[in-house]
Amino acid sequence: MKKIAYQHSNLISSRLIYGCMRIAGDNSPTDRAKGKLAIESAINAGYNHFDHADIYGGGACESLFGELLKAKPSLRDELILTSKAGIRTENSPNAGDPKRYDFNRDYLITSVENSLQRLNTDYLDLFLLHRPDYLMDIAEVAQVFEQLKASGKVKYFGVSNFQPSQISALSSVLNEPLLVNQIEINIHNISSFEDGTLDLCQQQGITPIAWCPLGGVAYSAWGNTFSGDDEQRIETELQRQSEKYGLANWQVVLAWLLKHPGNISPIIGSTTPERIVAAKAALNVEYTSADWYRLLEARNGFAVA
C-alpha cells in the first residue's frame with residue numbers, strides 16, 4: 001500500500017482510506033461479523049486510515065470498530081482514526097427538531113467524547129466538521145478546536161464538503177492548518193476541479209479525500225444527471241482503458257482520481273474483502289495525462305475548448 005504524508009502533521013496515511021459507513025450493516029450478528037472481516041481485510045491489505053462519523057449506523061459503526069480495538073488494543077498506534085460531526089438527525093435532541101447542521105460548541109465536544117467512547121480510544125487522529133453549518137461562527141469553532149486539542153482528545157482537524165470560501169474563513173482564525181477536506185469527487189461530480197476547491201487544497205497543503213469515488217460507474221451517483229448516451233460514452237472509454245492497463249472499469253476510475261497532483265485519496269467503502277484488496281491495483285499503474293483527458297472528454301461529450 002502506498003502512503004502519503006499529510007502536510008503540517010506527523011500523520012502518514014495509506015493513499016486509499018477505508019470508509020466505515022456501512023460496516024455495521026443492519027446491525028445483525030451476520031452483518032457485524034461481515035463488517036469486522038472487512039476491517040481486518042483492510043488492515044491486512046495495508047490500509048491504516050479508517051473514516052468514521054458520529055451518525056454512521058447511529059453510532060453502531062464506531063461501536064463495532066471499538067470492539068475490534070478492545071480485542072486488539074495494540075492496533076491503535078498503527079492506525080489513523082478519523083471521525084466527523086456536524087449533522088443533526090431529525091428529532092435530535094428534541095422531538096420535532098429538523099434535520100440540520102450544527103457547529104454548536106457543546107454538541108461538537110460531546111460528539112467527540114461519544115465517538116471516543118464508542119471507538120474505545122483516548123484520542124482521534126483527525127476530527128472533521130461533516131457539512132458546513134450555515135450558522136457557523138468561525139470564532140466559536142476555533143475555540144472548540146483549541147479545547148479539543150488542549151485536552152488531547154484530537155490531534156488534528158479538517159473539514160468535509162467545504163467550499164473554498166468556507167475553508168478560507170475558518171482557516172483565518174485557526175492556530176494551526178486544516179489537514180484535509182473530504183468531498184465528493186467522481187466521474188459524475190467534477191465540481192471540485194472547476195470551483196477552486198482542489199486549487200485551494202494545493203495552495204494550503206490540504207489533502208483532498210474523495211467520498212463516493214466510484215459514483216457514476218460502480219453505482220449510480222448522487223443526484224445522477226447522466227443520460228444513456230453519457231453512460232455509453234464513458235463505458236466505451238473505460239473499456240478501452242481497462243484493456244490498456246489491465247484493470248477493471250472501477251479501478252481505472254480510481255487511477256483517474258489518483259492522477260491529480262493534489263494527492264486525492266479515495267475512500268473505499270466496500271465490505272467485500274476481495275474488492276478492498278483489488279482497489280490497490282489502481283495505485284500501481286502509470287496512468288497518463290492523455291487518458292485522463294480522454295475520460296473527461298467521454299464524460300462531457302466534447303473536447304476541452
Side-chain angles (χ1 to χ4, degrees), residues 1-2 4 13-19 21-22 38 41-42 45-47 49 51 160-161 180-195 197-198 201-202 207-304:
M1 173 67 74
K2 292 186 177 179
I4 60 170
S13 171
S14 50
R15 185 69 188 276
L16 302 178
I17 297 168
Y18 187 74
M21 185 171 73
R22 297 182 178 86
S41 297
Y47 294 73
H49 190 165
D51 178 73
S160 182
N161 302 298
V180 304
N181 185 15
Q182 187 178 123
I183 50 179
E184 182 184 8
I185 319 176
N186 50 48
I187 195 67
H188 181 268
N189 187 341
I190 61 171
S191 61
S192 60
F193 293 107
E194 301 172 330
D195 65 10
T197 298
L198 291 175
C201 284
Q202 285 200 74
T207 299
I209 295 175
W211 62 264
C212 199
L214 302 178
V217 175
Y219 43 79
S220 294
W222 290 62
N224 180 48
T225 60
F226 280 159
S227 67
D229 288 342
D230 296 333
E231 292 173 348
Q232 184 58 56
R233 289 194 311 272
I234 293 169
E235 182 179 349
T236 299
E237 180 57 28
L238 282 176
Q239 184 59 37
R240 186 193 72 80
Q241 294 192 22
S242 293
E243 294 172 0
K244 174 179 178 179
Y245 292 106
L247 300 174
N249 284 6
W250 63 275
Q251 294 168 320
V252 171
V253 173
L254 290 179
W256 187 75
L257 293 175
L258 292 164
K259 177 66 176 177
H260 193 273
N263 283 326
I264 294 171
S265 293
I267 293 177
I268 306 301
S270 175
T271 55
T272 302
E274 293 79 9
R275 201 172 182 88
I276 294 168
V277 174
K280 297 198 304 179
L283 297 166
N284 300 319
V285 297
E286 295 295 329
Y287 192 75
T288 69
S289 297
D291 281 334
W292 195 96
Y293 275 97
R294 286 191 184 98
L295 187 51
L296 180 69
E297 181 175 324
R299 180 231 182 251
N300 292 339
F302 52 83
V304 295

- Query: Does the side chain of Y219 come within less than 4.5 Å of N224's, by heavy atoms?
  - Reply: no
- Item | From CH2 (W250) to CG (L254), nearest 0.5 Å | 6.0 Å
- To the nearest 0.5 Å, how far apart are CD1 in I17 and CD1 in I209? 3.5 Å
- Task: Check whether any side-chain heavy atom of E297 sits under 4.5 Å from a side-chain heavy atom of V304, and report yes or no.
- Result: no
- Item | Rounded distance (nearest 0.5 Å) linking atom OG of S41 with atom CZ of R275 | 14.5 Å
- Task: Starting at CG of N186, measure out to CH2 of W256 and round the result to the nearest 0.5 Å.
- Result: 8.0 Å
- Message: If the threshold is 4.0 Å, N to carboxylate O, is there a salt bridge linking D291 and K244?
- Response: yes
- Query: Can you find a pair of side-chain heavy atoms, one from I267 and one from M21, that are under 4.5 Å apart?
  - Reply: no
- Message: Assess the residue pair Q239 and E243 against the criterion (side-chain hydrogen bond (donor to acceptor under 3.5 Å, both in side chains)); give the C-alpha distance rounded to whole Å, side-chain angles, the decisive distance to 0.1 Å, and a yes or no.
- Response: CA-CA 6 Å; Q239 184 59 37; E243 294 172 0; 3.1 Å; yes
- Carboxylate-amine/guanidinium contact R240 E237, below 4.0 Å: yes
- Give the minimum heavy-atom separation between Y18 and I268, together with the two atoms involved. CD1-O, 3.2 Å
- Taking all non-hydrogen atoms of both residues into account, name the closest pair between A45 and M1 and its distance. O-CB, 3.9 Å
- Query: Can you find a pair of side-chain heavy atoms, one from L296 and one from F193, that are under 4.5 Å apart?
  - Reply: no
- Query: What are the two closest heavy atoms between I187 and G215, and how far apart are they?
  - Reply: CG2-O, 3.5 Å
- Message: For a side chain to side chain contact (heavy atoms under 4.5 Å, CB included) check, start with the C-alpha distance between W211 and D51, then their side-chain angles and the critical distance, and finish with the verdict.
- Response: CA-CA 10 Å; W211 62 264; D51 178 73; over 6 Å; no
- Query: Any idea which heavy atoms bring S14 and G46 closest together, and the distance?
  - Reply: CB-O, 3.7 Å
- Item | Whether S270 side chain and T272 backbone form a donor-acceptor pair below 3.5 Å | yes
- Test item: Y287 and L295 side chains (from C-beta on) under 4.5 Å apart, heavy atoms: yes
- Chi angles and distances behind the side-chain hydrogen bond (donor to acceptor under 3.5 Å, both in side chains) call for D229, S227: CA-CA 5 Å; D229 288 342; S227 67; 5.0 Å; no
- Task: Please round to the nearest 0.5 Å and tell me the distance separating atom OG of S160 and atom CG of N181.
- Result: 6.5 Å
- Message: Give me the atom names and distance for the closest heavy-atom approach of V253 to P213.
- Response: CG1-O, 3.6 Å
- Task: Without swapping roles, check the side chain of R299 against the backbone of I190 for a donor-acceptor pair under 3.5 Å.
- Result: no
- Query: Counting distance only, does the side-chain N/O of Y47 pair as donor-acceptor with the main-chain N or O of I276 below 3.5 Å?
  - Reply: yes
- Gap between atom CH2 of W222 and atom NE2 of H188 - 0.5 Å precision: 13.0 Å
- Is S265 reaching over with its side chain to a backbone N or O of L16, donor-acceptor style, under 3.5 angstrom? no
- Nearest heavy atoms of K2 and L283, plus distance in Å: NZ-O, 2.7 Å
- Message: Are there over 12 heavy-atom neighbours, none belonging to R22, within less than 6.0 Å of that residue's CZ?
- Response: no
- Heavy-atom neighbours of E194 CD exceed 12 at 6.0 Å: yes
- Message: Could you walk me through whether N263 and R15 satisfy the side chain to side chain contact (heavy atoms under 4.5 Å, CB included) test, starting with their C-alpha distance in whole Å, then the side-chain angles of each, then the deciding distance to 0.1 Å, before giving a yes or no?
- Response: CA-CA 8 Å; N263 283 326; R15 185 69 188 276; 3.9 Å; yes
- Message: Using the rule given for side chain to side chain contact (heavy atoms under 4.5 Å, CB included), can you reason through I185 versus H260, listing the C-alpha separation, both sets of side-chain angles and the distance that settles it, and then say yes or no?
- Response: CA-CA 11 Å; I185 319 176; H260 193 273; over 6 Å; no
- Report yes if some heavy atom in the side chain of V252 is under 4.5 Å from a heavy atom in the side chain of V217; otherwise report no. no
